[in-house]
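Here's the structure we're looking at; comments come further down.
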There are 2 protein chains.
Amino acid sequence: MSDQNWISHFSGLAHLPPDVLASLVTASRVVHLPAGTRIFGPGQAPDAFLLLIRGTVRVQQVSDSGREIVLYRVSAGESCALTTACLMGYDDYLAEAISETEVDAVAIPRATFDDLIARSPDFRRFVFTAFSRRVTDLFRIIDEVAFSRVDVRLAQRLLERANTQGHIDLTHQQLASELGTAREVVSRQLNEFQRRGWISTSRGAVDILNSEGLRQLATAP
Amino acid sequence: MSDQNWISHFSGLAHLPPDVLASLVTASRVVHLPAGTRIFGPGQAPDAFLLLIRGTVRVQQVSDSGREIVLYRVSAGESCALTTACLMGYDDYLAEAISETEVDAVAIPRATFDDLIARSPDFRRFVFTAFSRRVTDLFRIIDEVAFSRVDVRLAQRLLERANTQGHIDLTHQQLASELGTAREVVSRQLNEFQRRGWISTSRGAVDILNSEGLRQLATAP
DNA sequence: AAGCCACTGTGACTAGGTCACAGACCTGAC
DNA sequence: GTCAGGTCTGTGACCTAGTCACAGTGGCTT
């Protein structure tokens, strides 16, 4: 298969001993997923540990009332460690993972994963690091949702998700999902930002005109 | 030492092979902490994996503005897996752990922990299960903070933290910290509950008079 | 008894979430 | 082209939650 060299995408795996690498490469297979695939969710458990080679995956939570909040994104070179562990270890939870782009990933079967954890300190470090990064993300989200203002968080997200031209291809509803708030709230805040000359809006998109204004709000005390 | 038999407190460790058990017992030591000890926090990293034999530990997050939110509690028979892993793997975060009672714990040095992870599938399962339970807790908290009403969450907490007599020894401020909200909000909600005849309040304490009323609110859609 | 301090109550105001609905824009069918 | 439907956005009214300021109140110490 053309992706035999996927190991090179993962800096954390670069120095594994040859036998460990061999197990990894022979036991795992590369999977391709189109954009918008639901990789797992309440009720669907993956049976393998996933490493992303290409694309990004969004992990989000959906409330009973239909409101959503984005928890974090997994990008190329990272692993879905957290969610895999959840499913390995314990009961049901509410998060779901959706590919945002076309995705290539390496699926390591559970048995191989377990074997590698046992054999390789480096692989363990790789997994635990991925874990703790996600946990840090979750701590940060709790902090933001519980204690931060929406305008500040929205400004942060706009800066975060803008491309190099300051363009953001998201609807108000999608921005609201990023923050776990309501669409109307985002609309009103964007109007305010626009009034201040920081952005311009169009159907399904936002353009940043004055990133300095946003940045100042985003880093406000 | 009198606590040599601490292994019996951890059902997940009951069936470890003798050699693994031996490593555990010889390398780790039992520590005693008074109530109110700050076990770790921003800036203080423990260097060992902790298992609780007796007492409870509260893990909470403190915002810049001084507001707090309780993330979860670790009780006897459980491990501080999550927080340990955070500290092992990755950068700084904001949570802190405080003993709520006098606490006895087993401290497993990092090297021993690493060795056990490598040698024992059962120990791995124990650790991963503890991990995923905490992650599930965090997911639940995000869901509650982002999407649930305060009155519902307060009713849940009151039921959760009441003793068998329906008595709760917490100030309004402490209840607010449990939920990540403000003291005034709790005071007002408690007044409302009292008006409905569900509780009575006194300085530093709440008594449940009608748990059915609370329960109905707590499980509301 | 006086004084202190932690705890609680309350009003006024701001921010954020909900609901209902109107209008604008986009696409595909005809 | 234009018509119909769906999606996206704007807005007012209203409710819940968080903030601020300050006034009581209970309990403990000296």
Assuming nearest nucleotide by heavy-atom distance, tell me which of A/Arg183 and A/Ala146 is located more 5' along DNA chain D.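 Here A/Arg183 is the residue nearer the 5' end.
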
Any side-chain N or O of [X] under 4.0 Å from OP1/OP2 of [N]?
X        : N      : value
A/Gln189 : C/dG16 : yes
B/His172 : C/dA6  : no
B/Asn191 : C/dT8  : no
A/Thr181 : C/dG17 : yes
A/Thr171 : D/dC8  : no

If you look at every strand shown and take non-hydrogen atoms under 4.0 Å, does [X] touch a base, only sugar-phosphate, or nothing?
X        : result
A/Val185 : base
B/Ser202 : sugar-phosphate
B/Arg67  : sugar-phosphate

Taking only the side-chain heavy atoms of B/Val150 (C-beta and beyond), determine which of D/dA17, C/dC19, C/dG9 contains the nearest atom.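 Nucleotide nearest to B/Val150's side chain: D/dA17.
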
Among D/dG18, C/dA6, C/dT18, the nucleotide that comes nearest once only the side chain of A/Ala182 is considered: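 It is C/dT18.
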
Applying salt bridge (charged side-chain N to carboxylate O under 4.0 Å, His left out) between A/Glu178 and each of A/Arg73, A/Arg183, A/Arg153, report the one that passes.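 Only match with A/Glu178 under salt bridge (charged side-chain N to carboxylate O under 4.0 Å, His left out): A/Arg73.
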
Distance check needed: [N] [atom2] versus [X] [atom1], whole Å only.
X        : N      : atom1 : atom2 : result
A/Glu192 : C/dA15 : CD    : C1'   : 13 Å
B/Leu179 : D/dA17 : CG    : P     : 11 Å
A/Glu144 : C/dG16 : CD    : C1'   : 16 Å
B/Glu184 : C/dA15 : CD    : C1'   : 15 Å
A/Gln174 : D/dT7  : CD    : C1'   : 12 Å
B/Asp151 : D/dC15 : CG    : C1'   : 12 Å
A/Asp64  : C/dT18 : CG    : C1'   : 17 Å
B/Phe193 : C/dT8  : CZ    : C1'   : 17 Å

Parallel, tilted or perpendicular, as decided by the 30° and 60° cut-offs, for the rings of A/Phe128 and B/Phe128: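 B/Phe128 vs A/Phe128 ring planes: parallel.
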
Looking only at heavy atoms, which two atoms of A/Pro109 and A/Ser28 are closest? And how far apart?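 In terms of heavy atoms, the two residues are closest at CD-CA, 4.1 Å.
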
Answer with yes or no whether [X] presents, from its side chain, a donor or acceptor under 3.5 Å of a partner atom in the base of [N].
X        : N      : answer
A/Gln173 : D/dC8  : no
B/Arg149 : C/dG17 : no
B/Arg153 : D/dT16 : no
A/Arg203 : C/dT27 : no

Is B/Glu78 paired with B/Arg134 through a side-chain N to carboxylate O contact shorter than 4.0 Å?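 Counted as a salt bridge, because a side-chain N and a carboxylate O are separated by less than 4.0 Å.
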
Quick check: do B/Trp6 and B/Leu24 have side-chain heavy atoms less than 4.5 Å from each other?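 Yes; the side chains approach each other to less than 4.5 Å.
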
Would you mind reporting whether B/Val59 and B/Glu96 have side-chain heavy atoms less than 4.5 Å apart?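 They are not in contact (no side-chain heavy atoms under 4.5 Å apart), so the answer is no.
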
